[in-house]
Amino acid sequence: MNLKHADTLVVLDFETTGLSPDNGDRAIEIGAVRIVDGKITEQFQALMNPGIRVNSFIEGYTGITNTMLDGAASCSEVMAQFCDFIGDDNLLAHNASFDQKFLDNELSHISRTYKGEFTCSLLVSRRINLDAPSHSLGNLVNQLELSEEGSFHRALFDAQMTAKLWLHMLAQINETYGIERAPFSLMQQIACTPKKQVAKILQNYSIQNATL
DNA sequence: TGCCAGGCCCTCTTTAGGGCCTT
């Protein structure tokens, strides 16, 4: 991880033609925000034409129609711009394995890569919001009263809500363990630690950090 | 013809099954 960007994070969300790029699905919209020092500072949003028709389920699910995509720039053009946007920053998404698959697939089409590392707000939420009955983005936003005007299942709004959820969980960790703005590496560790061990890791980090 | 995503996580588990989460 580039230490220059250690406290900078790009939160991203794709809308796609389906669930699997291995089955030929492509991205149709990318939305993202950049968090710098705990604040959202920039945003990126673009529709992209995948070169294939979007089925009626996806049109209804996202509100993105074939007509809207007919006039959009190509995936290659949009993803090149987005690759420039993310630069060397670390990356976050809700259920990141899904968005990482599509990011990797779309960038492979234009022979581009990224240097940042991914982490997942869904995995962290399952370990931090222990009483939440659901960890879907929409349910978490409602349960934690983070909601604002906008439509779920559009890329920029979902990225904005994921960023809000992330900042909320950082605040929860600060309130419970006294860890002010937990670093990305610690959040990555939480995301891949068995649930029962998370409290111990945070307690140990808090103690070690306090004695520095 | 039949199938059609895949990783995480829990439990009535680990020689497995099913729900959750993303579009």
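Each chain gets a letter, A, B and so on, in the order its sequence line appears, and its residues count up from 1. The figures here come from the full heavy-atom set of this structure, side chains too, leaving out hydrogens, waters and symmetry mates.
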Asker: May I have the distance from F98(A) (atom CZ) to dT23(B) (atom P), rounded to whole angstrom?
Answerer: 6 Å
Asker: Nearest of dG6(B), dC9(B), dC10(B) to any side-chain atom of K195(A)?
Answerer: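 Nucleotide nearest to K195(A)'s side chain: dC10(B).
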Asker: Honestly curious: do V124(A) and V141(A) fall in one hydrophobic cluster under the side-chain, below-4.5 Å linking rule?
Answerer: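 Yes; tracing contacts between hydrophobic side chains, which count when under 4.5 Å, links both residues.
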Asker: If I take atom CG in residue L123(A) and atom C1' in nucleotide dT22(B), what distance separates them, rounded to the nearest angstrom?
Answerer: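 Interatomic distance, CG of L123(A) to C1' of dT22(B): 12 Å.
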Asker: On a whole-Å scale, what distance lies between the C1' atoms belonging to dC12(B) and dG19(B)?
Answerer: 15 Å
Asker: Tell me what L122(A) touches on the nucleic acid: a base, only sugar-phosphate, or nothing, going by heavy atoms under 4.0 Å.
Answerer: sugar-phosphate
Asker: Under 3.5 Å, is there a donor on one side chain and an acceptor on the other for N129(A) and Q172(A)?
Answerer: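 Yes, a side-chain donor-acceptor pair sits under 3.5 Å.
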Asker: Between dT14(B) and dC9(B), how far is it from one C1' atom to the other, in whole Å?
Answerer: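 To the nearest whole Å, 14 Å.
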Asker: Below 30° counts as parallel, above 60° as perpendicular, anything between as tilted: where do the rings of F118(A) and Y114(A) land?
Answerer: perpendicular
Asker: Using whole Å, what does the distance between atom P of nucleotide dG6(B) and atom CG of D99(A) come to?
Answerer: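 From D99(A) CG to dG6(B) P: 16 Å.
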Asker: Is there a side-chain polar atom (N or O) of K101(A) under 4.0 Å from OP1 or OP2 of dG7(B)?
Answerer: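 The answer is no; no side-chain N or O of K101(A) sits under 4.0 Å from OP1 or OP2.
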Asker: Should the heavy atoms of other residues, nucleotides or ligands under 6.0 Å from CD of Q81(A) be counted, would the total exceed 12?
Answerer: yes
Asker: What's the CG-P distance between D22(A) and dT22(B), to the nearest Å?
Answerer: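 That distance rounds to 20 Å.
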Asker: Between atom CG in L140(A) and atom P in dC20(B), what is the gap in whole Å?
Answerer: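 Answer to the nearest Å: 14 Å.
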Asker: Given the P atoms of dC4(B) and dC21(B), what is the spacing between them in whole Å?
Answerer: 22 Å
Asker: Send over the distance from D158(A) CG to dT22(B) P, rounded to a whole Å.
Answerer: 8 Å
Asker: For the pair made of CZ in R154(A) and P in dT23(B), what is the distance, rounded to whole Å?
Answerer: 12 Å
Asker: Given dC20(B), is OP1 or OP2 found less than 4.0 Å from the side-chain N or O atoms of H135(A)?
Answerer: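 No, no such contact exists.
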Asker: Between dT13(B) and dG18(B), how far is it from one P atom to the other, in whole Å?
Answerer: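 Each nucleotide's P atom is 13 Å from the other's.
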Asker: Strictly by modelled atom types, are S20(A) and D25(A) linked by a side-chain donor-acceptor pair under 3.5 Å?
Answerer: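 No.
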Asker: Name the nucleic acid region contacted by F57(A), choosing base, sugar-phosphate or nothing; use a 4.0 angstrom heavy-atom cut-off, strictly under.
Answerer: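 Base, at least one base heavy atom under 4.0 Å.
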Asker: Identify, between N23(A) and T193(A), the residue whose nearest nucleotide on DNA chain B lies closer to the 5' end.
Answerer: N23(A)
Asker: Strictly below 4.0 Å, N to O, side chains only: are R112(A) and D84(A) in salt-bridge contact?
Answerer: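 D84(A) and R112(A): salt-bridged.
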Asker: Looking at S97(A), does any N or O in its side chain come under 4.0 Å of the phosphate oxygens OP1/OP2 on dT22(B)?
Answerer: no
Asker: From CD of Q197(A) over to P of dC9(B), roughly how many Å is that when rounded to an integer?
Answerer: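 About 12 Å, once rounded to whole Å.
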Asker: Scan S134(A) against the nucleic acid and name what it touches under 4.0 Å (heavy atoms): base, sugar-phosphate only, or nothing.
Answerer: sugar-phosphate
Asker: Among dT23(B), dG6(B), dC9(B), which nucleotide has an atom closest to any side-chain atom of T16(A)?
Answerer: dT23(B)
